[in-house]
Amino acid sequence: MAANDIHRTIDAVWRIESPRLIAGLARIVRDVGMAEELAQDALVTALEQWPSTGVPRNPGAWLMTTAKHRAIDQLRRHALHRRKEHELTREIEDQLEQSVGDPDAMLDNPVGDDLLSLIFTACHPVLSTEARVALTLRLLGGLTTPEIARAFLVPEPTVAQRIVRAKRSLSEAQVPFEVPRGEELAVRLASVLEVVYLIFNEGYAATSGGDWMRPALCDEALRLGRVLAGLAPNEPEVHGLVALMEIQASRTAARTRPDGEPILLAEQNRARWDQLLIRRGLAALQRVDALGGSGGPYALQAAIAACHARARSVEDTDWSRIASLYDALAQRMPSPVVALNRAVAHAQAFGPDVGLSLVDALRDEPLMRQYHLLPSVRGELLSRLGRHREARDEFERAASLTRNTREQELLLRRASASAAAI
Amino acid sequence: MRVMAMVRATRASESGEMPSEKLLAEMGQFNEELVKAGVMLAGEGLHPSSRGARIRYDGDKRTVIDGPFTETKELIAGFWLLQVGSLEEAVEWLKRCPNPFEEGTSEIEIRRVYEAEDFGEAFTPELREQEEQLRAKMCDRR
């Protein structure tokens with residue numbers, strides 16, 4: 001095998017094995033940062049040896065054994081300096097030595113629990129959101145620091161520093177490497193789901209062709225979501241988030257013009273929606289229902305997305321169901337943006353006057369004052385009601401609030417169309 | 001990227017012989033690993049070609065040919081649709097797949113699925129627009 005090929009093979013092995021490797025090591029050494037360094041050391045050894053020895057038959061077990069040997073070396077060296085920790089070190093050494101002889105012993109341990117613990121640790125609330133995102137991509141996605149930096153359009157040293165600090169914070173806060181139980185589980189799970197959805201949205205927001213790393217974030221988030229669904233199959237919100245991401249991702253090919261300009265849902269060519277992803281999303285939503293979790297915030301958003309996915313056209317859409325789903329979502333996740341979407345759904349289902357009264361109720365909302373979508377939606381509803389003078393004013397106001405020039409042009413066109421209709 | 005991994009047919013698969021319980025269990029475990037890693041999008045096994053048909057296109061002419069088909073090694077017995085980061089990752093995964101037919105040799109072929117980006121420069125915005133309009137028209141007619 002040529003040197004180049006073998007490096008690509010090692011990359012692939014790393015992507016497949018690194019989360020399990022780091023998770024298994026973290027359980028034993030009780031420190032995620034150290035576990036990751038040990039895994040990296042094993043990778044370096046592989047990069048040195050495999051080009052001449054070839055890739056071992058069971059590369060995962062090889063990496064694990066190598067990392068464990070290094071762990072024992074390091075712990076012994078440390079133990080000389082730090083007597084106090086001697087006992088813990090001995091205990092860890094015993095565990096390591098027992099498992100080194102039999103690399104497959106790893107498989108007898110509940111690998112799933114280790115992975116889940118790793119996810120919960122990487123998304124621990126003691127860390128800032130950015131740190132959680134970077135650490136999750138690094139530990140669970142097997143992404144390198146430069147890859148993460150490119151994906152988030154930030155300098156490499158920034159990401160490197162975020163990761164170093166995050167590992168230190170976890171050590172300092174003595175965050176236990178475990179799956180939270182009881183009441184804590186819900187809070188911690190919410191943090192994990194938030195991180196995964198953030199990664200997805202970061203990729204989804206990148207509309208233009210540009211760098212392939214950004215759209216790859218959507219794939220990565222989806223993969224993490226699917227992994228999570230396998231690890232925590234009884235958590236309805238996990239399936240809710242997966243359903244939401246699958247259905248949103250199904251529209252990827254339809255949601256931008258060739259020049260990168262976004263296409264609104266109503267104007268998308270539905271023939272380009274990915275039916276495989278839609279089916280997967282609807283199946284995930286069925287699991288949500290079976291678990292009795294259709295009232296969760298992700299489940300509700302997924303159910304709304306599913307209404308669109310099922311509809312052959314805008315006219316064919318079940319707007320009254322969407323309106324009632326938004327009613328529920330506004331209760332669970334009260335936010336002005338949800339409220340505005342709810343108003344739009346009600347306008348579609350029950351007429352523009354109904355929508356308008358809901359929009360008007362939001363006008364004094366402080367968060368809404370600078371939000372261009374409020375006057376834009378108002379303008380649309382007023383124009384449908386034939387109140388063109390007011391519609392024109394609203395479109396003009398919306399145009400003055402948006403920074404996106406394309407959107408601005410569109411809004412000004414609508415304003416002059418309204419003016420012409422007066 | 002998406003890849004399709006296709007299991008080549010063998011005399012055994014073409015005879016309709018069902019896999020042993022052991023192989024089914026191993027294959028099930030492999031599939032579960034793929035699912036748990038978030039890699040597997042879809043996967044199916046196919047009946048022998050004796051239960052299938054072919055349509056031959058010759059200009060405007062359509063001829064239906066009933067199975068079985070003779071060139072066993074060119075036939076497909078099953079497939080996976082996988083979401084992976086690279087072709088090498090797909091190769092690494094499939095190396096872990098149990099031999100789909102316990103005895104003798106068999107092959108799995110891995111092919112990349114075309115995505116719009118793959119057309120690159122040759123697929124200019126104008127061409128893409130044209131294709132989209134075409135698709136939209138086809139959609140309207142339905």
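Each chain gets a letter, A, B and so on, in the order its sequence line appears, and its residues count up from 1.
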Peer 1: Check whether A/E17 gets within reach of chain B through its side chain, its backbone, both or neither, counting any heavy atom under 4.5 Å.
Peer 2: side chain

Peer 1: Any side-chain heavy-atom pair from A/R226 and B/Q83 closer than 4.5 angstrom?
Peer 2: yes

Peer 1: Report which part of A/L277 has an atom under 4.5 Å of a heavy atom belonging to chain B: side chain, backbone, both, or neither.
Peer 2: side chain

Peer 1: Say whether, by atom type as modelled, one donor and one acceptor occur between the side chain of A/R223 and the main chain of B/A37 under 3.5 angstrom.
Peer 2: yes

Peer 1: Are any non-hydrogen side-chain atoms of B/V91 and A/R8 less than 4.5 angstrom apart?
Peer 2: no

Peer 1: Measuring from atom NZ of B/K95 to atom CZ of A/R57, what distance do you get when rounded to the nearest 0.5 angstrom?
Peer 2: 10.5 Å

Peer 1: Which heavy atom of A/V227 sits nearest a heavy atom of B/G38, and at what distance?
Peer 2: CG2-N, 3.8 Å

Peer 1: Counting only heavy atoms closer than 4.5 Å, note whether A/P59 contacts chain B via side chain, backbone, both or neither.
Peer 2: side chain

Peer 1: What part of B/L81 lies closer than 4.5 angstrom to a heavy atom of chain A: side chain, backbone, both or neither?
Peer 2: side chain

Peer 1: Is it the case that more than 12 heavy atoms not belonging to B/E109 sit under 6.0 Å from its CD atom?
Peer 2: yes

Peer 1: If every non-hydrogen atom of A/G230 is compared with every non-hydrogen atom of B/K36, which pair is closest and at what distance?
Peer 2: O-CE, 4.0 Å

Peer 1: How about B/R62: does its CZ atom have over 12 heavy atoms from other parts shown lying under 6.0 Å from it?
Peer 2: yes

Peer 1: Might you confirm whether atom CD of B/E21 has over 12 heavy atoms from other residues, nucleotides or ligands at distances under 6.0 Å?
Peer 2: no

Peer 1: Counting heavy-atom pairs under 4.5 Å to chain A, which of B/S86, B/A90, B/G85 comes out on top?
Peer 2: B/G85

Peer 1: Can you tell me if B/E102 has over 12 outside heavy atoms packed within less than 6.0 Å of its CD?
Peer 2: yes

Peer 1: Out of B/R96, B/M40, B/E32, B/M1, return the one with the most heavy atom pairs under 4.5 angstrom to chain A.
Peer 2: B/R96

